[in-house]
Protein chains: 2
Amino acid sequence: MAWDTDLTRERLLTAGVRQFAKHGFAGARIDAIGADAGVNKERVYRYFGNKEGLFQAVLASQLAGLLDGLAAHGSGPAAVGNLAGAMFDRCEAQPDLPRLLAWESLELDHAVGIDARRPVCAGVAASIGSATGSDHEAATQALLSIIVVVVSWTTLPRLTDAVAPGTSGAARRAAVVAHATAIGTSLTLDA
Amino acid sequence: MAWDTDLTRERLLTAGVRQFAKHGFAGARIDAIGADAGVNKERVYRYFGNKEGLFQAVLASQLAGLLDGLAAHGSGPAAVGNLAGAMFDRCEAQPDLPRLLAWESLELDHAVGIDARRPVCAGVAASIGSATGSDHEAATQALLSIIVVVVSWTTLPRLTDAVAPGTSGAARRAAVVAHATAIGTSLTLDA
DNA sequence: GCGAATTCCAACCGTATGTTTGGAGATTGG
DNA sequence: CCAATCTCCAAACATACGGTTGGAATTCGC
């Protein structure tokens, strides 16, 4: 039986994604991560140093994926709505991603991999700016609002239970696109 | 020295608010809550049963406060923007509140005190509906988006670091009000 | 005013948890 | 082919943690 160190590292990472997304940093258990990965938990320390090292590696590997390759294509408010829709679909395809984003903010004092993430964010914000003809600051704030509206469908399910019980994913997606479009409209008019 | 059971209960509750808001359910420590409250940690079990009992009591005591007494006063999109502004100010005055809301969604399977919270949410949604002339469903979805945009300023600080670094509270408040107003505008036009 | 009930705390308990260790199998270099 | 090196695991370790206990101080019922 040959050894594949890259594979064990990868297994630990994806198990970490699942476990940290579900339980957060404080709630996740190293034992459970090892079991989920199908390797001995001691491997975590050889590959990632300690629990926090694995957590940071997990966040660094996932969080860029929220915006990477996304943009407001075309021009006008609809471009902003479409961006939100694409982001929404991405979060439904990878539900661990928004939850990791939420845990990061609640449990860490500093954003992970910030130098790599900022340019991606700036690029998407710039695409909003050119689609709507708005300035950098306004486009950036709009992007921030759109992201939180999108990810909240995954990160704040209990709030949905309280405010809009029984909302379907499709209904929420339509509302998110509509609200992002509305924000895009206000940017277009202000400009 | 007289005994004041209501006071010790209250001390535990407010200490629980602080500790759970800061560290979440899994991350908070019963010892720390007792120390924060200035009473023996055993008191937690006499008054609230166990750690989860205290957590639920904390959530039940706080979460209603996000929307209680709030409404979209007047008519037109500005009423929606003002609602968002008032909600934003409330969250800045009580920063523990939005964080507790976030922990609840991430760590619990069921919303706490849902029967008491739903009517409050429905009332605020109705005020949006009458201010904009929109139907129940659209107003409810709008309220949901507005809440998440408001609370995210507190609950997702690392995301702000990545997307809009250096944003001041005042600048973010203005953006939130603008975006809520934009959503209100779209509701008004659709109706 | 006195016995029963209540509030409270210090110390304790059992276990869960992050981390380390020792050594057994696999791989590599020469 | 063999010694050094590396991967991996089972077991152990120290401590942190949620929860309990026994008894002292205080209050309550009468």
Side-chain angles (χ1 to χ4, degrees), chain A residues 1-61 100 103-104 106-110 112, chain B residues 1-61 100 103-104 106-110 112:
Chain A
M1 151 193 349
W3 277 334
D4 188 338
T5 74
D6 287 348
L7 180 61
T8 45
R9 186 191 170 88
E10 182 110 5
R11 279 184 177 164
L12 282 172
L13 207 57
T14 61
V17 168
R18 279 191 291 268
Q19 296 294 318
F20 282 130
K22 195 177 298 188
H23 305 289
F25 176 73
R29 301 292 165 230
I30 293 280
D31 305 49
I33 292 171
D36 189 347
V39 304
N40 193 278
K41 64 177 177 173
E42 175 267 353
R43 291 287 86 192
V44 170
Y45 301 92
R46 207 52 80 163
Y47 282 93
F48 300 98
N50 55 19
K51 188 183 182 184
E52 185 168 346
L54 176 57
F55 188 54
Q56 305 228 9
V58 162
L59 293 177
S61 77
L100 290 171
W103 293 117
E104 180 201 33
L106 291 171
E107 300 193 285
L108 292 186
D109 286 335
H110 298 288
V112 170
Chain B
M1 154 196 341
W3 277 334
D4 188 337
T5 76
D6 287 349
L7 180 61
T8 47
R9 186 191 170 87
E10 182 111 7
R11 278 184 177 164
L12 281 173
L13 207 57
T14 61
V17 168
R18 278 192 292 266
Q19 296 294 317
F20 283 129
K22 195 177 297 186
H23 305 290
F25 177 73
R29 301 295 164 227
I30 293 281
D31 304 50
I33 293 171
D36 188 347
V39 304
N40 193 279
K41 67 173 179 173
E42 175 266 354
R43 291 288 86 194
V44 169
Y45 302 92
R46 204 57 77 162
Y47 281 93
F48 300 96
N50 56 19
K51 188 184 182 184
E52 186 169 345
L54 177 57
F55 189 53
Q56 305 231 7
V58 163
L59 294 177
S61 77
L100 289 171
W103 292 117
E104 180 202 34
L106 291 171
E107 300 193 285
L108 292 186
D109 287 333
H110 298 290
V112 170

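Reminder, nothing fancy here: chain letters follow the sequence lines and each chain counts from 1. Computed from a prediction, not measured in an experiment: that's the story for all the values here.
Of the possible polar contacts, none joining the A/Lys41 side chain to the A/Arg29 backbone as a donor-acceptor pair under 3.5 Å is found. Although no hydrogens or angles enter the test, the distance criterion places no donor-acceptor pair under 3.5 Å between the side chain of A/Gln56 and the main chain of A/Val112.
Using a 4.5 Å heavy-atom threshold, the side chains of A/Arg11 and A/Leu7 count as touching. Counting only heavy atoms from C-beta outward, the side chains of B/Tyr47 and B/Leu13 never approach each other to under 4.5 Å.
Taking atom CD of residue A/Glu52 and atom C1' of nucleotide C/dT19, one finds them 15 Å apart after rounding to whole Å. For the pair A/Asn50 CG and C/dT17 P, the computed distance is 17 Å after rounding to whole Å. Rounded to whole Å, the distance from CZ on B/Phe25 to C1' on D/dC17 is 12 Å. C/dT27 atom C1' lies 13 Å from atom CG of A/Asp4, rounded to whole Å. Put simply, CZ on A/Phe48 is 16 Å from C1' on C/dT19, counting in whole angstrom units. In this entry the distance linking CZ of A/Arg46 with P of D/dT7 reads 8 Å, nearest Å. As a whole-Å value, the separation of A/Trp3 CH2 from D/dT5 P is 15 Å.
An OP1 or OP2 oxygen of D/dT21 is reached within less than 4.0 angstrom by no side-chain nitrogen or oxygen of B/Tyr45. At least one side-chain nitrogen or oxygen of B/Tyr47 sits closer than 4.0 Å to the OP1 or OP2 atom of C/dC8.
Both B/Gly49 and A/Thr5 lie near DNA chain D, and the one whose nearest nucleotide falls closer to the 5' end is A/Thr5.
Ring geometry, B/Phe20 versus B/Phe25: the interplanar angle falls under 30°, so the pair is classed parallel (tilted spans 30 to 60°).
Taken residue by residue, residues 28-44 of chain A places heavy atoms nearer than 4.0 Å to DNA chain C at A/Ala28, A/Arg29, A/Ile30, A/Asp31, A/Lys41, A/Glu42.
Considering CZ of A/Arg43 and CG of A/Leu54, their distance stands at 13.5 Å, rounded to 0.5 Å.
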